[in-house]
Amino acid sequence: MNRVGRVERATKETSVLVEIDLDGHGKVDVSTGVGFYDHMLDQLGRHGLFDLTVKTEGDLHIDSHHTIEDTALALGAAFKQALGDKVGIYRFGNCTVPLDESLAQVTVDLSGRPYLVHTEPENMAPMIGEYDTTMTRHILESFVAQAQIALHVHVPYGRNAHHIVECQFKALARALRYASERDPRAAGILPSTKGAL
């Protein structure tokens, strides 16, 4: 069974198309108009081995907020759609990724219950190109709300803003990959004592 999600989202502020294949090979085609965000979504697809297409047109003449937020919402919804019934998956995943002086620790539970815990160093540079660094948490909040997962992201230390954000996306990609992969020992089994996720 193909585990593919496709979401189109259109508002007065943005037009978003997201397609994701959880069992892909890391093929990525991303265009949001926000260069650093494109770079982060590329990391997500490549390190998660997800085939990922993102096409967003937004009101960048105002700023990048709506474009980034709506893309994250659509991505979360597409990820949830692609997961399907979650039968036979590992459900839990974690990964720790260094990027030079920065370190990100990410743990995920594909629980059906949205919850985010996010910490990163204070006093980061406010901008990376046209990317507002305060948006990283909001991206994760938006993704978690739509994907309906529990996500813990912790960056205990780091200095360079680019590295601090990028190691989060790389670790997230791997944690989502590990959690969503099929467990050969649990074929046909839903990983929940409740009988529902």
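Hydrogens, waters and symmetry mates are skipped; everything else that's a heavy atom, side chains included, is used. Keep in mind that what you see is a predicted model, and the values were worked out from it rather than measured.
Inspection of the His138 and Glu141 side chains reveals an N or O donor paired with an N or O acceptor under 3.5 Å.
With Asp51 contributing its side chain and Gly26 its backbone, the two residues share a donor-acceptor pair below 3.5 Å. A donor-acceptor pair is defined here as one N or O able to donate and one able to accept, closer than 3.5 Å; such a pair exists between the side chain of Thr133 and the backbone of Ala125. Gln168 contributes a side-chain N or O that, together with a main-chain N or O of Ile164, makes up a donor-acceptor pair within less than 3.5 Å. Under a 3.5 Å cut-off, the side chain of Asp183 and the backbone N or O of Arg185 do form a donor-acceptor pair. Side-chain atoms of Arg91 do not come within 3.5 Å of backbone N or O of Leu197 as any donor-acceptor pair. Not a single donor-acceptor pair under 3.5 Å links the side chain of Glu181 to the backbone N or O of Tyr90. A side-chain donor-acceptor contact under 3.5 Å links Asn160 to the backbone of His163.
Tyr37 and Leu73 are assigned to two separate hydrophobic clusters, defined by single-linkage of ILVMFWY side chains at heavy-atom distances under 4.5 Å. Side-chain heavy atoms closer than 4.5 Å link hydrophobic residues (I, L, V, M, F, W, Y) into clusters, and following such links, even through other members, never connects Leu99 to Val155. A continuous path of ILVMFWY side-chain contacts below 4.5 Å connects Val16 to Leu60, so both sit in one hydrophobic cluster. In this structure, Tyr131 is a member of the same hydrophobic cluster as Leu75, with clusters built from ILVMFWY side-chain heavy atoms closer than 4.5 Å. If you chain together hydrophobic residues whose side chains sit under 4.5 Å apart, Phe50 and Val28 fall into the same group.
Aromatic pair His47/Phe169: ring centres not closer than 6.0 Å. In this structure, Phe143 has its ring center closer than 6.0 angstrom to the ring center of Phe79.
Remark: Gln43 CD to Leu52 CG distance equals 12.0 Å, nearest 0.5 Å. Between atom OG1 of residue Thr14 and atom CZ of residue Arg9 there is a gap of 6.0 Å, rounded to the nearest 0.5 Å. Here Met40 contributes atom CE and Met135 contributes atom CE; the two are 14.5 Å apart, rounded to the nearest 0.5 Å.
With His118 as reference, Leu140 is the one residue of Val106, Ile139, Leu140 to meet the side-chain contact (heavy atoms from CB on, under 4.5 Å) rule. When each of Thr67, Thr56, Asp38 is tested with Thr32 by the rule side-chain hydrogen bond (donor to acceptor under 3.5 Å, both in side chains), just one qualifies, namely Asp38.
Counting heavy atoms of neighbouring residues, nucleotides and ligands inside a 6.0 Å radius, atom CG of Asp85 exceeds 12 of them. By the 6.0 Å contact criterion, NZ on Lys80 is open, its count of non-hydrogen atoms from other residues, nucleotides or ligands being 12 or less. Taking a 6.0 Å sphere around CD of Glu13, one finds it holds more than 12 heavy atoms contributed by other residues, nucleotides or ligands. Around atom CD of Gln148, more than 12 heavy atoms belonging to other residues, nucleotides or ligands sit under 6.0 Å away.
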Worked verdict on Asp21 versus Lys27 for salt bridge (charged side-chain N to carboxylate O under 4.0 Å, His left out): CA-CA 10 Å; Asp21 182 348; Lys27 298 177 184 176; over 6 Å; no
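Residues satisfying the side chain to side chain contact (heavy atoms under 4.5 Å, CB included) criterion with Lys55, sequence neighbours excluded, are Leu17, Asp29, Ser31, Thr53.
The shortest side-chain heavy-atom distance between Tyr178 and Asn94 does not fall under the 4.5 Å cut-off.
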